[in-house]
Amino acid sequence: MENPNIIVRVATADDKHYGKTITDEMEASAKARGTGIAKRSPEYVQLKMEEGKAVIALTDKGEWVGFCYIEAWGHEKFVANSGLIVNPAFRGHGVAKAIKHRVFELSRQKYPDAKIFGLTTGLAVMKINSELGYEPVTYSELTDDEEFWKGCRSCVNFDVLTSKNRKNCLCTAMLYDPVEKAKEEAEKKEEMKKAILSIRTETDAQPHPQVLVAANGEMKHKKARKFKENFKLFERWLRFKRHVLLKGGKEGVSGGSAPANKKRFFLFNLF
């Protein structure tokens with residue numbers, strides 16, 4: 001982090017007095033963005049602190065800097081890192097990234113088998129999620145827990161979500177699947193072994209078809225995620241998606257629905 005005086009750690013019951021400050025800033029930030037988040041009470045975030053399911057950032061003098069908490073859904077099959085917020089006075093210092101990484105680690109520790117997901121309209125958060133291994137997904141791949149979706153009622157775009165039968169909205173859904181990640185790692189290791197064996201035996205001048213060998217000898221896979229490579233394209237898509245969905249919301253359920261869905265499936269084929 002750029003500011004060495006900021007400490008990012010797991011929140012405890014001793015941090016409960018920051019509860020109202022945190023929820024007030026959550027609400028103010030949502031209004032400023034013109035979007036929305038599930039509204040939470042100070043008591044709710046205080047409970048997360050008591051349970052050890054939250055991460056807080058503070059200066060070494062005790063000034064509140066940022067916060068994020070964990071929620072489990074669908075009998076702990078899904079986990080969401082929710083309510084990410086940074087004090088406006090400390091934005092631009094890498095705080096959000098540090099919090100996201102710490103709360104992700106905490107989620108993996110507490111719920112090692114759960115899928116970790118998030119809904120966000122922020123490109124900066126999407127980039128951080130991508131670094132952690134999240135992938136863009138359709139809403140159908142998220143939890144079907146009704147309690148989770150009830151939290152969207154306080155969002156200003158809730159009518160858009162309901163008009164699309166909860167299949168699409170302004171937010172982008174992203175998911176980290178530990179089972180899929182484990183498979184990917186196993187495949188990479190197997191490909192690496194085959195590539196090294198091929199090079200050692202010199203039976204083939206070219207490396208394994210699934211692997212590229214860089215000048216420094218590092219193995220690089222052809223099947224790298226395209227989400228990172230095409231982030232500018234993704235950003236243009238988000239602007240288009242916002243235009244179509246908001247227009248569709250004004251014209252009714254039928255207005256703009258078909259083209260939005262068609263474009264959405266095209267998007268996920270890209271990644």
Side-chain angles (χ1 to χ4, degrees), residues 8 10 52-53 55 68 70-82 84 96-120 123-145 148 172-231 233-234 237 264-271:
V8 178
V10 177
K53 297 179 181 178
V55 167
C68 191
I70 298 171
E71 291 181 303
W73 306 99
H75 303 290
E76 299 186 355
K77 293 180 180 179
F78 290 86
V79 168
N81 297 159
S82 302
L84 176 64
K97 183 174 182 177
I99 292 175
K100 283 287 290 182
H101 277 256
R102 186 65 188 90
V103 79
F104 179 80
E105 292 173 0
L106 185 62
S107 300
R108 296 286 291 127
Q109 291 168 8
K110 287 186 170 294
Y111 305 96
D113 300 321
K115 295 179 180 180
I116 306 175
F117 73 99
L119 285 170
T120 181
L123 282 168
V125 174
M126 292 178 208
K127 287 182 178 180
I128 297 171
N129 284 348
S130 179
E131 292 174 4
L132 291 169
Y134 289 69
E135 299 282 356
V137 295
T138 59
Y139 279 33
S140 62
E141 295 182 60
L142 306 182
T143 179
D144 58 1
D145 193 319
F148 168 78
T172 294
M174 301 189 75
L175 182 76
Y176 176 94
D177 186 339
V179 174
E180 288 299 317
K181 293 301 173 185
K183 288 181 181 178
E184 288 178 12
E185 287 301 315
E187 290 173 359
K188 287 179 183 179
K189 289 180 180 179
E190 185 63 28
E191 288 173 0
M192 186 75 76
K193 290 179 182 178
K194 290 180 180 178
I196 293 173
L197 179 62
S198 177
I199 293 170
R200 284 178 176 175
T201 58
E202 297 182 353
T203 57
D204 190 343
Q206 299 295 324
H208 189 271
Q210 295 298 323
V211 178
L212 296 176
V213 182
N216 61 2
E218 180 183 354
M219 301 298 176
K220 294 187 177 181
H221 294 259
K222 288 183 178 180
K223 294 184 178 180
R225 284 193 302 273
K226 294 183 179 179
F227 176 65
K228 293 180 182 178
E229 299 170 7
N230 295 288
F231 204 83
L233 174 64
F234 190 78
W237 158 250
R264 175 166 59 86
F265 287 117
F266 170 71
L267 167 67
F268 289 110
N269 286 334
L270 284 177
F271 305 128

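Along the sequence shown, residues are numbered consecutively beginning with 1. Being a predicted model, the structure only gives us computed values, none of them experimental.
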Side-chain heavy-atom pair [X], [Y] within 4.5 angstrom cut-off:
{"X": "Leu119", "Y": "Thr172", "result": "no"}
{"X": "Glu131", "Y": "Phe104", "result": "no"}
{"X": "Met126", "Y": "Pro136", "result": "no"}
{"X": "Lys194", "Y": "Ile196", "result": "no"}
{"X": "Lys100", "Y": "Asn129", "result": "yes"}

Output all residues satisfying salt bridge (charged side-chain N to carboxylate O under 4.0 Å, His left out) with [X], sequence neighbours left out; order by chain, then residue number.
{"X": "Glu105", "value": "Arg102"}
{"X": "Glu76", "value": "none"}
{"X": "Lys77", "value": "none"}

Inset, instruction - Output all residues satisfying side-chain hydrogen bond (donor to acceptor under 3.5 Å, both in side chains) with Tyr176, sequence neighbours left out; order by chain, then residue number. - result: none
Inset, instruction - Please identify each residue that fulfils side-chain hydrogen bond (donor to acceptor under 3.5 Å, both in side chains) with Thr120, with sequence neighbours left out. - result: none
Inset, instruction - Apply side chain to side chain contact (heavy atoms under 4.5 Å, CB included) to Thr143 and list each qualifying residue two or more places apart in sequence or on a separate chain. - result: Trp73, Phe78, Phe117, Asp145, Phe148
Inset, instruction - Go through the structure and list residues passing side chain to side chain contact (heavy atoms under 4.5 Å, CB included) with Ser107, not counting sequence neighbours. - result: Ile70, Val79, Asn81, Ile116
Legend entry - Distance under 6.0 Å and angle within 45° of ring axis: Lys181 vs Tyr134: no
For residues [X] and [Y], report the shortest heavy-atom separation together with the two atoms involved.
{"X": "Gln109", "Y": "Pro112", "value": "O-CD, 3.8 Å"}
{"X": "His101", "Y": "Ile128", "value": "CD2-CG2, 4.3 Å"}
{"X": "Val55", "Y": "Val8", "value": "CG1-CG1, 3.6 Å"}

Legend entry - Gap between atom CD of Glu185 and atom NZ of Lys183 - 0.5 Å precision: 14.0 Å
Inset, instruction - Applying side chain to side chain contact (heavy atoms under 4.5 Å, CB included), run through Leu106 and Lys53 and close with a yes or a no. - result: CA-CA 8 Å; Leu106 185 62; Lys53 297 179 181 178; 5.6 Å; no
Legend entry - Contact list for residues 109-118, test salt bridge (charged side-chain N to carboxylate O under 4.0 Å, His left out), sequence neighbours left out: Lys115-Asp177
